[in-house]
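In what follows, residues are counted from 1 in the order of the sequence shown. Ligands are counted one by one from 1 in listed order, and the atoms in each one are counted from 1 as well.
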Amino acid sequence: MKQRLSNRVRNIAPSATMSIDAKTKSLMAGGKPVINMSVGEPDFDTPVAAAFAGVRAITSGKTRYTPAAGTLELRKAIAAKLMRENGLTYQPEQIVVSSGAKHSLFNTFLALCDEGDEVILPAPYWVSYPEQIRLSGATPVIVQATEATGYKLTPQLLAAAITPHTRALLLNSPNNPTGAVYTEQELRDLGEVLLDKEIYVVTDEIYEKLVYGVEQVSFAAVVPELMDRTLTVNGFSKAFAMTGWRLGYVAAPPDLAKAMASLQSHATGNPSSISQYAGLAALDDFNPAMVAEFHRRRNTLVHGLQAIPGVECLLPDGAFYVFPNVSHWFGYRASGQVIDSSTRFCELLLEQELVAAVPGDAFGSPQNIRLSYATSYENVEAAVSHLQRFISSLEA
Ligand code: PMP
Ligand code: GLU
């Protein structure tokens, strides 16, 4: 019998980052020595204190339901962190802890948006934003930020995208996939466009700790006038290398936080109690050596890529991605096959050189490819030399 799918899920595309990673891992399991530059997942271990706190939670019976929005203890610790590190005043009741920041974002769009609403989404964007916005019933209004502005949204572009239906603006700094980090002044200038508008700001700051020689600032700290219309999203996956624990959170105006807690109480209930206790310990156990190592890899990767002819690569200030423009090579052939898109470029790069990268097509930026350096330094060096060999093999 042919199954009928709901309209909601009929056109949903699988997450490109997750599916390329899965494909790469299955090639590796089959014995292929693939250099996996696809997924954004720190190759570091969970901080020891967090791991032990997780074990202790299991052995001491902290294995039961918690309040749906997370334990009060964890929400207090997150509120204290937001005050200490980000200069943001939130009460514990304004924090909703979920099963990963992806889940927090999903709750956010569901709580904010109705059919007919628009969410302004600067491109290049992380793959899950447009799908989550559509699932909430709203329409993503994609605004193209270009290389010329370091892939950042400008106040002019923002102002031009606003309509009477605009419900929210999505900001992501440091950015996935470009690594761009907005300065305090840039955030202030964007905020000023919104001062007299009824528009919310969803600011995804999950890569906040991963910046290299620049300062990361929280949107609501720079534009305090918009505090009651800002939702600050963050999580433990990147800063604490805890992707598998699934722990993220959103700090929101009280009514929205309450609504998201209710929504979550019906959908998933609380995030894992074990992960919550591990997260509580992680907050005091940040590892700056991880950032220093990412910094070193970024430099090697970017300098290597900049030396390859026909590859344009900006130096990103944050996250753990580089996003080179490879469109110079569109129309060339690899093993007799024409490269007609970033998707084809990545397929042929994987086939010929066993380097896994994510096509810019998935991030709304078809001229680029994304390479994650959340992998070993050796992989970073090997990826550069394989890419170099791939490019020099291309024929007009
Ligand atoms: N936001 C951005 C920009 C991301 O790259 C990711 C990727 N993991 C997430 C949110 C979600 O992270 P998680 O669900 O693992 O907390
Ligand atoms: N956010 C990471 C990435 O972009 C992990 C995969 C995902 O959740 O999309 O690669």
With a 4.0 Å cut-off on heavy atoms, is [X] touching ligand 1?
X	result
G235	no
E41	no
Y207	yes
N172	yes

Short list, please: which atoms of ligand 1 are under 4.0 Å from a heavy atom of R246?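 What qualifies from ligand 1 is 13 (P), 14 (O), 15 (O).
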Please work out whether any backbone atom (N, CA, C, O) or any side-chain heavy atom from C-beta onward of Y129 is under 4.0 Å from ligand 1, and answer side chain, backbone, both or neither.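 Looking at Y129 and ligand 1, just side chain atoms fall under 4.0 Å.
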Under 3.5 Å, side chain of D317 to main-chain N/O of V181, donor-acceptor pair present?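 No; zero donor-acceptor contacts below 3.5 Å.
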Contact partition for T243 relative to ligand 2, non-hydrogen atoms under 4.0 Å: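 Looking at T243 and ligand 2, no heavy atom falls under 4.0 Å.
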Side chain, backbone, both or neither: the part of E41 lying under 4.0 Å from ligand 2 by heavy atom: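 Neither part.
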Does the distance from a Lys or Arg side-chain N to an Asp or Glu carboxylate O, for K81 and E208, drop under 4.0 Å?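 Between E208 and K81 there is a salt bridge, with a charged N closer than 4.0 Å to a carboxylate O.
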Residues D189, K152: salt bridge by 4.0 Å N-O rule: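 K152 and D189: not salt-bridged.
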Assess R370 against F363: is NZ or CZ under 6.0 Å from the centre of the six-membered ring, and within 45 degrees of the ring's axis?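 Negative - R370 is either too far from the ring of F363 or too far off its axis.
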Could you tell me how the ring of F294 sits relative to the ring of F44: parallel (under 30°), tilted (30 to 60°) or perpendicular (over 60°)?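 Rings of F294 and F44: perpendicular, over 60°.
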